[in-house]
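Quick note: numbers below take in every heavy atom, side chains included, and nothing from hydrogens, waters or symmetry partners. Chain letters run A, B, ... following the sequence lines, proteins first, then strands; residues in each count from 1.
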There are 2 protein chains.
Amino acid sequence: MPKVGMQPIRRRQLIEATLEAIDEVGLADATIARIARHAGVSTGIISHYFDGKDGLLEASMRHILGDLGSAVSERRRALGEAPAQAHLHAIIDGNFDRSQTSRSVMKTWLAFWASSMHHTNLQRLQRVNDRRLYSNLSSQFRRVLPKRQARDAARGLAALIDGLWLRGALAQEGLDVERARQLAYDYVREQLDTP
Amino acid sequence: MPKVGMQPIRRRQLIEATLEAIDEVGLADATIARIARHAGVSTGIISHYFDGKDGLLEASMRHILGDLGSAVSERRRALGEAPAQAHLHAIIDGNFDRSQTSRSVMKTWLAFWASSMHHTNLQRLQRVNDRRLYSNLSSQFRRVLPKRQARDAARGLAALIDGLWLRGALAQEGLDVERARQLAYDYVREQLDTP
DNA sequence: TTTTATTGATTGACCGTTCAATAAAAAAAT
DNA sequence: ATTTTTTTATTGAACGGTCAATCAATAAAA
């Protein structure tokens, strides 16, 4: 079994197992024993590849953030010089991408949000992400709206996206992605139409 | 020192201490020893008055929920038959009441949200609250809008409120209550104006 | 022979709960 | 009015349990 080049495989396995464990019992009870069991390996391996539990958690958050970044930028890359509305819709779609709307990922996001209030490394990651969303939205609104209005529209849309997402995570029925996107689209339209 | 009638006093003290501890180190590290120290009592007292830590946490969440309910209903009581917009503004104002926008309360909210995904008793409390916000908003929009439109407006506004709140809790600068309220007002206006 | 991969028992720290002990007020009895 | 009993309040050490981290041992590839 053991040979060279296991690192990337194990790391992916363990991150996936982390999300499963958090989905199953929450971050507070996602022990390394449970995570290791999900991945089908021993506990020692976690320290070996991630320098301990904290390292694994940070890597897991980075992983989700990476997926989000990809989901957004892939959609936008095809757009080029398209109108602001198209870019705004792409950003919305990216935020409601399948990779971000599974139960386990939404739960993990929520757990990391709460946790980031007290762990500076997670906090840093989360803030980079927050700002990126805001500044992407802001610069697109800025193409069609005066500065103050663009800023408010960006703040509002960012909050609406996060709020839809949060309520979807908490709701029994889960997140209705189609309806959420539609509500966000409506917000964009109203912001762009209003003179 | 010891005499009769300590129960309500200790309960309030311990709930307050819980919020302080969560603000200080987060729910995960808010041990009963730390909470008891904040309240200036011994650890045993927590089990005595709350049947253990879980009971205290649930009571703390109930306390915050109670404050929120009061903040909203007090504002609305004075309104009577006032137009829908006035009621909607009152609901918004209640949700951004001082009792709900302090750092410690916002942090605690976020922690409880994450925790409620895996503790059915907290989940119940949180869902009752979610539904109340939605149904309050919905019934007010229903006075001026057709059913589907009212439903969507309520969903959107609920998400916007929660999202503004969430981003305020996570942001370095904290929540700018005045600006948040204004964005929510704007959303209401756009929903009511659009025919 | 060296390097990489992996295991899992052990260790040390910590946490929530329990409970016997203590103290003071309230209630009952004298 | 005084003593006795009961009730309420509180403490904090002791206990049982859990967890993350460590590390010596093992095994297979390089």
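Of all nucleotides listed (C:dT6, D:dA30, D:dT10), D:dA30 comes nearest to the side chain of A:Val4.
Pairs engaging residues 20-73 of chain B under the ring pair (Phe, Tyr, Trp, His ring centres under 6.0 Å) rule: none recorded [sequence neighbours left out]. Listed by first and then second residue, the ring pair (Phe, Tyr, Trp, His ring centres under 6.0 Å) pairs involving residues 109-133 of chain B are B:Trp109-B:Trp113, B:Trp109-B:Trp165, B:Trp113-B:Trp165 (not counting sequence neighbours). Residue pairs meeting the salt bridge (Lys or Arg N to Asp or Glu O under 4.0 Å) criterion with at least one partner in residues 156-170 of chain B, sequence neighbours excluded, are A:Asp130-B:Arg167, A:Asp162-B:Arg167, A:Arg167-B:Asp162.
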Can you pull every protein N or O that's under 3.5 Å from an N or O on nucleotides 20-24 of chain D?
unit_1: D:dA20; atom_1: OP1; unit_2: A:Lys53; atom_2: NZ; d: 2.6
unit_1: D:dA20; atom_1: OP2; unit_2: A:Ile32; atom_2: N; d: 3.0
unit_1: D:dA21; atom_1: OP2; unit_2: A:Lys53; atom_2: N; d: 2.9

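By the side chain to side chain contact (heavy atoms under 4.5 Å, CB included) test, B:Ser135 pairs with no residue at all, sequence neighbours left out. The salt bridge (Lys or Arg N to Asp or Glu O under 4.0 Å) search around A:Asp176 returns none, not counting sequence neighbours. Taking the side chain to side chain contact (heavy atoms under 4.5 Å, CB included) definition, one finds that B:Ala28 meets it with nothing, sequence neighbours left out. Here A:Asp23 pairs with A:Arg103, A:Ser104, A:Lys107 under the side chain to side chain contact (heavy atoms under 4.5 Å, CB included) rule; sequence neighbours left out. In this view, B:Ala154 and B:Tyr134, B:Leu137, B:Ser138, B:Phe141 satisfy the side chain to side chain contact (heavy atoms under 4.5 Å, CB included) rule, not counting sequence neighbours.
Between the side chains of B:Gln182 and B:Arg179, not a single donor N or O lies within less than 3.5 Å of an accepting N or O.
Residues of residues 21-29 of chain B having a heavy atom closer than 4.0 Å to DNA chain D: none are found.
In this structure, the CD1 atom of B:Ile35 is 10 Å from the P atom of C:dT17, given to the nearest Å. To the nearest angstrom, P of C:dC15 lies 16 Å from CG of B:Leu56. C:dA24 atom P lies 15 Å from atom CE of B:Met6, rounded to whole Å. The interatomic distance linking A:Arg37 (CZ) with C:dT7 (C1') rounds to 16 Å, in whole Å. Whole-Å rounding puts the B:Ile9 CD1 to D:dA9 P distance at 10 Å. Look at NE2 on B:His48: it is 9 Å from P on D:dT8, rounded to the nearest Å. Rounded to whole Å, atom P of C:dT6 lies 4 Å from atom CZ of A:Arg10. In this structure, A:Ile45 atom CD1 and C:dA5 atom P are separated by 9 Å, rounded to whole Å.
To the nearest 0.5 angstrom, B:Leu122 atom CG is 9.0 Å from B:Arg124 atom CZ.
Note on the helix from C:dT1-D:dA30 to C:dT30-D:dA1: terminal axis deviation equals 10°, with five pairs used at each end and the result rounded to 10°.
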Scan the side chains in residues 80-90 of chain B for donor-acceptor partners under 3.5 Å anywhere in the protein, sequence neighbours excluded, and list what turns up.
unit_1: B:His87; atom_1: ND1; unit_2: B:Arg76; atom_2: NE; d: 3.2
unit_1: B:His87; atom_1: ND1; unit_2: B:Arg76; atom_2: NH2; d: 3.4
unit_1: B:His87; atom_1: NE2; unit_2: B:Gly80; atom_2: O; d: 3.0

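Using a 4.0 Å heavy-atom distance criterion, B:Tyr49 is classed as a sugar-phosphate-only contact.
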